Colleague: 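Handing you this structure, nothing more for now.
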Amino acid sequence: MSVEGEESRQQWICGKVGGGVNLQRVSSIVRDIGEQPCLHQSPIKVVIAISKMLKPEKWQAVFDSDGKVLGFQKALKLIVLGGVDPSIRPEVWEFLLGCYSLSSTADYRRELRTARRS
């Protein structure tokens, strides 16, 4: 074997001399595995945790008697885990986007909403 061939072989060996891993062989094994057809092809299913979804009842429980938000962390957790019920999505997004402060009252938000739409 020529010196040049030995140098190229050495480039593909990792680890200690004499006990290394032949990367060229490993790459061919990985390539062979990648070319094999899947034995069991099952479609990937995306499961949305509907039980964790922020529902209207839980959203209303976040507010105090003046309409100020008290438990927004719990609502955020439900939003992250399961999303938002479509019936309350516009109102929830107004808070998520920062349109309303968490300390704003229901009356103040109603006035702002009316002013924006007129």
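Predicted, not measured: the structure shown is a model, and the values here were computed from it.
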Colleague: What distance do Lys55 atom NZ and Met53 atom CE have between them, rounded to the nearest 0.5 Å?
Modeller: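 Result: 5.5 Å between the selected atoms.
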Colleague: Can I get a per-line list of side-chain donor-acceptor pairs under 3.5 Å for residues 97-106, giving both atom names and the distance, sequence neighbours left out?
Modeller:
{"from": "Tyr100", "atom 1": "OH", "to": "Arg113", "atom 2": "NE", "distance (Å)": "3.3"}
{"from": "Tyr100", "atom 1": "OH", "to": "Arg116", "atom 2": "NH2", "distance (Å)": "2.5"}
{"from": "Ser101", "atom 1": "OG", "to": "Ser103", "atom 2": "N", "distance (Å)": "3.2"}
{"from": "Ser101", "atom 1": "OG", "to": "Ser103", "atom 2": "OG", "distance (Å)": "2.9"}
{"from": "Ser104", "atom 1": "OG", "to": "Ser101", "atom 2": "O", "distance (Å)": "2.7"}
{"from": "Ser104", "atom 1": "OG", "to": "Arg109", "atom 2": "NH1", "distance (Å)": "3.2"}
{"from": "Thr105", "atom 1": "OG1", "to": "Tyr108", "atom 2": "N", "distance (Å)": "3.2"}

Colleague: Among residues at least two apart in sequence or on other chains, which ones pass side-chain contact (heavy atoms from CB on, under 4.5 Å) with Ile88?
Modeller: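 Partners of Ile88 by the side-chain contact (heavy atoms from CB on, under 4.5 Å) criterion, ordered by chain and then number, come out as Leu54, Pro56, Trp59, Val84, Asp85, Val92.
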Colleague: Under 3.5 Å, sequence neighbours excluded: what are the donor-acceptor pairs made by side chains of residues 62-79?
Modeller:
{"from": "Asp64", "atom 1": "OD1", "to": "Asp66", "atom 2": "N", "distance (Å)": "3.0"}
{"from": "Asp64", "atom 1": "OD1", "to": "Gly67", "atom 2": "N", "distance (Å)": "3.0"}
{"from": "Asp64", "atom 1": "OD1", "to": "Lys68", "atom 2": "N", "distance (Å)": "2.8"}

